[in-house]
Amino acid sequence: MAKAGDRVRFLNATGGGVIKRIEGKTAYVEDEDGFESPILLKDVVVVLPAGHETAIKGSKIMFDQKAFDAGRKIEEPKSESPVKEVVKEEEEFKIEETSHGDSPTILLAFEPENIKRLSSTRFTGVLVNDSNYFLDFVFLRRSREDRGWEVVFSGTVNPNELMDLVVLTHEDLPDYGRVGLQGMLYKKEKAFSLLPPLNVNRKLDLTKFHKLHCFRESRYFDNPVLEFPMVSKGESLETPETSAIQIEESMKGLADRKMVKELSKKYTTNLTDKKNSPDEANPHKKLPLIEVDLHIGELTDSLVGMEPKDMLELQLEEVRKTMKAHSRRIGQKIVFIHGKGEGVLRKAVLDLLKKEYPKAELQDASFREYGFGATLVTIH
């Protein structure tokens with residue numbers, strides 16, 4: 001039976017918290033923001049009994065079946081016998097393994113503070129360890145200066161727990177275009193199968209942080225989140241960087257701008273140029289919206305030897321290629337994502353389009369989807 005101090009979840013509504021007091025059949029539950037809500041005892045379930053705390057500071061335990069069963073038990077009436085009852089010491093809170101936990105699933109999730117204000121809210125980065133293993137880990141981000149890596153957070157997360165890693169504003173997001181996770185998986189005081197060390201890195205699609213439909217319900221969170229899997233059923237979901245190495249090696253010996261343009265044509269991936277497709281043969285066919293991300297990190301994996309003017313030229317070349325590939329498709333809509341920043345790239349893109357494609361219709365893209373950082377072009 002639930003009691004004061006227990007951490008509970010609501011059965012018939014989203015949310016939960018800690019029981020501060022019980023009056024009759026009503027529990028007064030305080031959430032993380034300090035607000036108390038009166039809830040019937042029959043409508044709450046214990047997920048962490050009073051007196052039990054997670055071993056790692058900042059971690060949050062997933063649903064605990066053992067605590068749930070304990071919370072459902074009805075207290076037995078006290079014996080009227082004069083013989084004193086022997087009270088057993090409370091057993092140590094043990095980790096309950098899951099049937100699927102020996103094949104680890106580890107993911108990085110971002111939870112918005114206010115999902116109704118995506119353009120200004122902050123995001124909490126959370127590591128989800130859905131496994132029966134302890135994980136000693138280091139969370140990293142790609143360094144802008146030397147293209148190496150920087151440590152953001154290191155620690156240990158228990159089996160079947162979540163751990164907060166970082167809180168990001170929109171100004172911080174560009175620094176997290178590529179992230180990494182390194183770590184060791186193991187069990188304590190019992191035999192386990194030896195798993196290879198984790199060494200995973202992947203690119204994050206930062207445009208998703210501006211799109212409401214990209215935030216989805218999750219089995220691990222009460223509210224919609226962005227999820228980026230790092231390990232699925234024991235298999236690392238690594239994003240290769242082979243092209244980055246090749247680009248860096250090639251750019252060291254560049255003699256002029258022509259070679260840079262050829263390199264950009266070879267390794268850019270945003271453009272879906274299918275000249276021989278049936279859609280190209282019918283220029284009046286209504287096609288889906290095309291998105292082109294002009295952030296320099298999306299166009300090349302290496303900035304070695306490139307000055308700001310070179311980066312701008314590479315971005316404008318991407319605009320030219322996209323417009324040339326779709327210039328015959330009357331009514332085609334293209335969104336160029338240039339970001340807010342200081343407005344230099346946005347102005348350069350608009351000047352290019354007005355000069356080279358004067359018949360194209362230009363307007364700001366959907367604020368809800370892209371904020372102030374994108375331009376919508378309609379080809380006429």
Side-chain angles (χ1 to χ4, degrees), residues 7-11 13-17 31-33 35 47-48 54 56-64 98 100-101 104-131 135 137 139-141 152-153 155 157-181 183 198 200-233 235-239 291 293 337 366 368-371 373:
R7 181 171 293 278
V8 298
R9 288 188 181 275
F10 303 148
L11 286 177
T14 300
D31 61 20
E32 294 181 357
D33 296 324
F35 294 101
V47 296
L48 190 65
T54 56
I56 304 301
K57 184 177 180 181
S59 62
K60 298 175 283 187
I61 195 165
M62 295 182 188
F63 181 79
D64 191 318
T98 62
H100 62 276
T105 294
I106 299 171
L107 56 91
L108 182 63
F110 290 91
E111 185 175 20
E113 288 186 357
N114 188 344
I115 197 168
K116 295 182 180 179
R117 296 185 177 180
L118 287 181
S119 61
S120 60
T121 191
R122 299 190 304 173
F123 304 89
T124 300
V126 184
L127 182 67
V128 179
N129 179 20
D130 186 0
S131 78
L135 172 61
F137 71 94
F139 174 58
L140 312 105
R141 69 180 181 186
V152 178
F153 189 95
V157 58
N158 287 347
N160 301 313
E161 283 193 351
L162 318 180
M163 177 172 284
D164 293 345
L165 303 179
V166 65
V167 177
L168 303 178
T169 64
H170 279 275
E171 289 72 22
D172 299 324
L173 286 177
D175 293 328
Y176 289 82
R178 184 174 285 276
V179 298
L181 183 69
L198 296 185
V200 186
N201 78 83
R202 65 166 298 165
K203 180 185 289 187
L204 303 186
D205 186 351
L206 300 183
T207 63
K208 291 184 177 181
F209 286 83
H210 302 275
K211 301 176 182 179
L212 183 61
H213 67 271
C214 292
F215 289 81
R216 300 177 181 176
E217 296 294 331
S218 168
R219 60 180 297 188
Y220 308 110
F221 296 86
D222 294 329
N223 303 311
V225 297
L226 271 178
E227 290 186 351
F228 297 96
M230 305 295 280
V231 178
S232 178
K233 297 181 180 179
E235 297 293 330
S236 297
L237 302 176
E238 192 169 17
T239 304
E291 289 184 356
D293 194 340
I337 303 171
S366 168
R368 179 178 179 182
E369 296 286 337
Y370 308 98

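Count residues from 1 along the sequence. Please read these numbers as outputs of a predicted model, since none were measured by experiment.
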Within a strict 4.5 Å, meaning less than it, do heavy atoms of the [X] and [Y] side chains meet?
{"X": "Leu108", "Y": "Leu165", "value": "yes"}
{"X": "Pro229", "Y": "Thr105", "value": "no"}
{"X": "Leu127", "Y": "Leu181", "value": "yes"}
{"X": "Val225", "Y": "Phe123", "value": "no"}

Any idea which heavy atoms bring [X] and [Y] closest together, and the distance?
{"X": "Tyr220", "Y": "Leu107", "result": "CE1-CD2, 3.7 Å"}
{"X": "Leu118", "Y": "Pro112", "result": "CD2-CB, 4.3 Å"}
{"X": "Val157", "Y": "Asn129", "result": "O-ND2, 3.6 Å"}
{"X": "Phe209", "Y": "Asp205", "result": "CD1-O, 4.1 Å"}
{"X": "Lys208", "Y": "Phe215", "result": "O-CE1, 3.5 Å"}
{"X": "Pro224", "Y": "Ile115", "result": "CB-CD1, 3.7 Å"}

Please list, chain by chain and in numerical order, all residues satisfying side chain to side chain contact (heavy atoms under 4.5 Å, CB included) with [X], sequence neighbours excluded.
{"X": "Arg216", "value": "none"}
{"X": "Ser119", "value": "Phe367"}
{"X": "Asp172", "value": "Leu168, Thr169"}
{"X": "Pro174", "value": "Arg144"}

Applying ring pair (Phe, Tyr, Trp, His ring centres under 6.0 Å), name anything that partners [X], two or more places apart in sequence or on another chain.
{"X": "Tyr370", "answer": "none"}
{"X": "His210", "answer": "His170"}
{"X": "Phe139", "answer": "none"}

What's the separation between atom [atom1] in [X] and atom [atom2] in [Y], rounded to the nearest 0.5 Å?
{"X": "Glu171", "Y": "Arg122", "atom1": "CD", "atom2": "CZ", "value": "11.5 Å"}
{"X": "Arg178", "Y": "Arg202", "atom1": "CZ", "atom2": "CZ", "value": "9.5 Å"}
{"X": "Asp164", "Y": "Glu111", "atom1": "CG", "atom2": "CD", "value": "8.0 Å"}

Is there a side-chain contact (heavy atoms from CB on, under 4.5 Å) between Phe137 and Leu198 once you walk through the steps?
CA-CA 8 Å; Phe137 71 94; Leu198 296 185; over 6 Å; no
List the residues meeting salt bridge (Lys or Arg N to Asp or Glu O under 4.0 Å) with [X], not counting sequence neighbours, and say none if there are none.
{"X": "Lys211", "result": "Glu291"}
{"X": "Arg219", "result": "Asp130"}
{"X": "Asp222", "result": "Arg9"}

Could you give me the CA-CA distance, side-chain angles and deciding distance for Val179 and Phe228, then say whether side-chain contact (heavy atoms from CB on, under 4.5 Å) is met?
CA-CA 10 Å; Val179 298; Phe228 297 96; over 6 Å; no
Backbone N/O of Asn114 and side chain of Thr121: donor-acceptor pair under 3.5 Å
yes
Residue set satisfying side-chain hydrogen bond (donor to acceptor under 3.5 Å, both in side chains) with Asp31, at least two apart, ordered chain then number -> none
Please name all residues satisfying side-chain hydrogen bond (donor to acceptor under 3.5 Å, both in side chains) with Glu369, sequence neighbours left out, ordered by chain then number.
none
